[in-house]
Amino acid sequence: MKHLKNFFFLLLLTIATQLQAQNNAGLTLPQGFKASLFADTIGSARHITITQNGVLFAKLMYPNKAGKSIIRLEDVNKDGVADKITGWANYGGTGIYVKGKDLYATSDNDVYLYQLNDKDEVVNPLSPKTIVKGLIAKNQHASKSITLDNQNNIYVNIGAYSNACQEKDRIKGSKGMMPCPILDSAGGIWKFDGSKENQVYGDGKRYATGLRNVVGLDWNKETNSLFVMQHGRDQLNSFYPEYYSDAQSAELPAETMYELHEGDNAGWPYIYFDPYQKKKILSPEYGGDGKKEGGENAVNPAVFFPAHMAPNALLFYTGNQFPAKYKNGAFVAFHGSWNRAPLPQEGYFVAFVPFKNGKPSGEWEIFANGFSGLSGEEKVMNPRKAKSRPCGLAQGPDGSLYVSDDSRGSIFKITYAQ
Amino acid sequence: MQLNKYFTVLFISFLLPCMVNAQNLVHGKKLFETRCLVCHQADGGGVPNMNAPLDGSSNVVGNNIARLVRIVKEGYSEKIPLDGYYYNNVMTPNPDFKDQDIADVLSYIRNSWSNKASKITLAQVQAAKRKK
């Protein structure tokens, strides 16, 4: 009898938490926050950006079923759900960024500029200006993410087409190349003029180097500097089982946030950041053994997170809707790991790091969880079972936070209501 | 005596190949777990947009054995759609695999999860390599 009572209690509790999750579009959020589904199944939504009028644009990794790869979403009747959805363009990619009436979007090779009218409708869907062209895109880390500073300079991530700059990529026993030739044209952030057409490598500047692959980046308006999230390297234990166990490899290296100034070097491929020793450790491809330190000239991370969670978006919150603690702090969308297998996967959430005077002022915490659609403490074992994977972040003019998902194609809207 | 002979015939003609077969699958599973699982995942489902699924893949259960042998040996990153989707990662080659390893791991992935297809023999792997 007592068992039965317990059973019913648990059942009720489960139903109650499930209902609550449904109320927030399946997400778990801190007290006082609410989430709704702004849009669903729009396609593989990578980065998103929002105009001053609240019109949202999403860049799709591949054209959707209608053959469109830039999607415009507008909530005309202001009920929290996009009711006017249109699209254009047919090239895949990740980057999108709006500044006033200038809408920038990227393919894996080029950066394009579209013009918006006063209703934030695109004026030249078929004839954008080409701002940058001919960037390197080989078959890994090819996506180009972008952000702009206050002077109309555009910062473009050019990912390294390699895991650790080995002579033969991802081959056991192949040594790291010294110096790493990839860094001349990739593995860093390049700076271009946001209004000049047809720029190529020579017109831009290598702003920062030693970054394996950055997907999430944002210009911090408080510090007036660039912040990026690096995707750390893979496969330490597949190639160096003598130094790393499965369990260690699942936790190494850290996913790192850097504040970057012109000329900075974050150290890839020569080093990685170990979150336990809290040190820059020499990569085994360059003679490291998991303990030897390196990278004397490399910048230290501003914040570091557990390994392999794949930070795909970074946003400094400047709105007034959320409580004061969130002001000028960083939201990071973690796409979710896959290379921790056979151990359970991690990530699939949006994290928050408080900042004060441009420096992190506390531990990072999970802000929005539950994107995978699994209940409670259940972890993702098989990535294809995860319902949604957070990939992009944008802040609405009213201070709401939007999160895109490139798996199911949802856009979540998160608001605060005391 | 008669019975003994009978068993020997039975053993050689039926049970032995069965046992070898089962052993090959066990070996194939082990190779999969140490060399492929990190990308293709325990359920063979891969990672959307990143690593191709092996479970339910028309190529994996298909008849182009030479292509499968080449992929396992030399790695793969052709960026052509597989059953309609693209995958961004680069598959690591396995230059240290012997022909029997290739046969075993292929037999395993063709007969795991929802996949059901003929096993791959050593002879098939060797023939596939000659064709190249």
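Here is the naming used below: chain letters follow the sequence lines, and residue numbers restart at 1 for every chain. FYI, side chains are in, hydrogens and waters are out, and symmetry mates aren't considered; it's all heavy atoms of this structure. As the structure is a prediction and not an experimental result, all values here were calculated from the model.
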**Student:** Would you compute the distance between atom CD of A:Q140 and atom OG of B:S77 and round it to the nearest 0.5 angstrom?
**Tutor:**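 A:Q140 atom CD to B:S77 atom OG measures 8.0 Å (nearest 0.5 Å).
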**Student:** Please look at A:R389 and chain B and tell me whether the side chain, the backbone, both or neither of the residue comes under 4.5 angstrom of a heavy atom of that chain.
**Tutor:**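 Only the side chain of A:R389 comes within 4.5 Å of chain B.
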**Student:** Considering only heavy atoms, give the residues of residues 47-69 of chain B separated from chain A by less than 4.5 Å, sorted numerically, with 'none' for an empty result.
**Tutor:**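 Within residues 47-69 of chain B, the residues under 4.5 Å from chain A are B:V47, B:P48, B:N49, B:M50, B:N51, B:D55.
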**Student:** Non-hydrogen contacts under 4.5 angstrom with chain B: give the residues of residues 243-255 of chain A involved, or none if there are none.
**Tutor:**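 So far as heavy atoms go, nothing in residues 243-255 of chain A approaches chain B to under 4.5 Å.
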**Student:** Could you tell me which portion of A:M381 (side chain, backbone, both or neither) has an atom closer than 4.5 angstrom to a non-hydrogen atom of chain B?
**Tutor:**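 Contact with chain B is through the backbone of A:M381 alone.
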**Student:** Quick check: under 4.5 Å, non-hydrogen atoms only, which of residues 81-111 of chain B neighbour chain A?
**Tutor:**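 Within residues 81-111 of chain B, the residues that come under 4.5 Å of chain A (heavy atoms only) are B:Y86, B:N88, B:N89, B:V90, B:T92, B:P93.
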**Student:** Given B:Q41, which of A:K385, A:R384, A:Q345 fulfils the side-chain contact (heavy atoms from CB on, under 4.5 Å) condition?
**Tutor:**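 So, applying the side-chain contact (heavy atoms from CB on, under 4.5 Å) to B:Q41 and each of A:K385, A:R384, A:Q345, only A:Q345 qualifies.
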**Student:** Which of residues 28-39 of chain B have a heavy atom under 4.5 Å from any heavy atom of chain A?
**Tutor:**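 If one takes a 4.5 Å heavy-atom cut-off, the residues of residues 28-39 of chain B near chain A are B:L37, B:V38, B:C39.
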**Student:** For A:Y62, is it the side chain, the backbone, both, or neither that has a heavy atom closer than 4.5 Å to a heavy atom of chain B?
**Tutor:**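 Looking at A:Y62, just its side chain touches chain B.
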**Student:** Which atoms of A:D406 are under 4.5 Å from chain B, going by heavy atoms: the side chain, the backbone, both sets, or neither?
**Tutor:**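 Both backbone and side chain.
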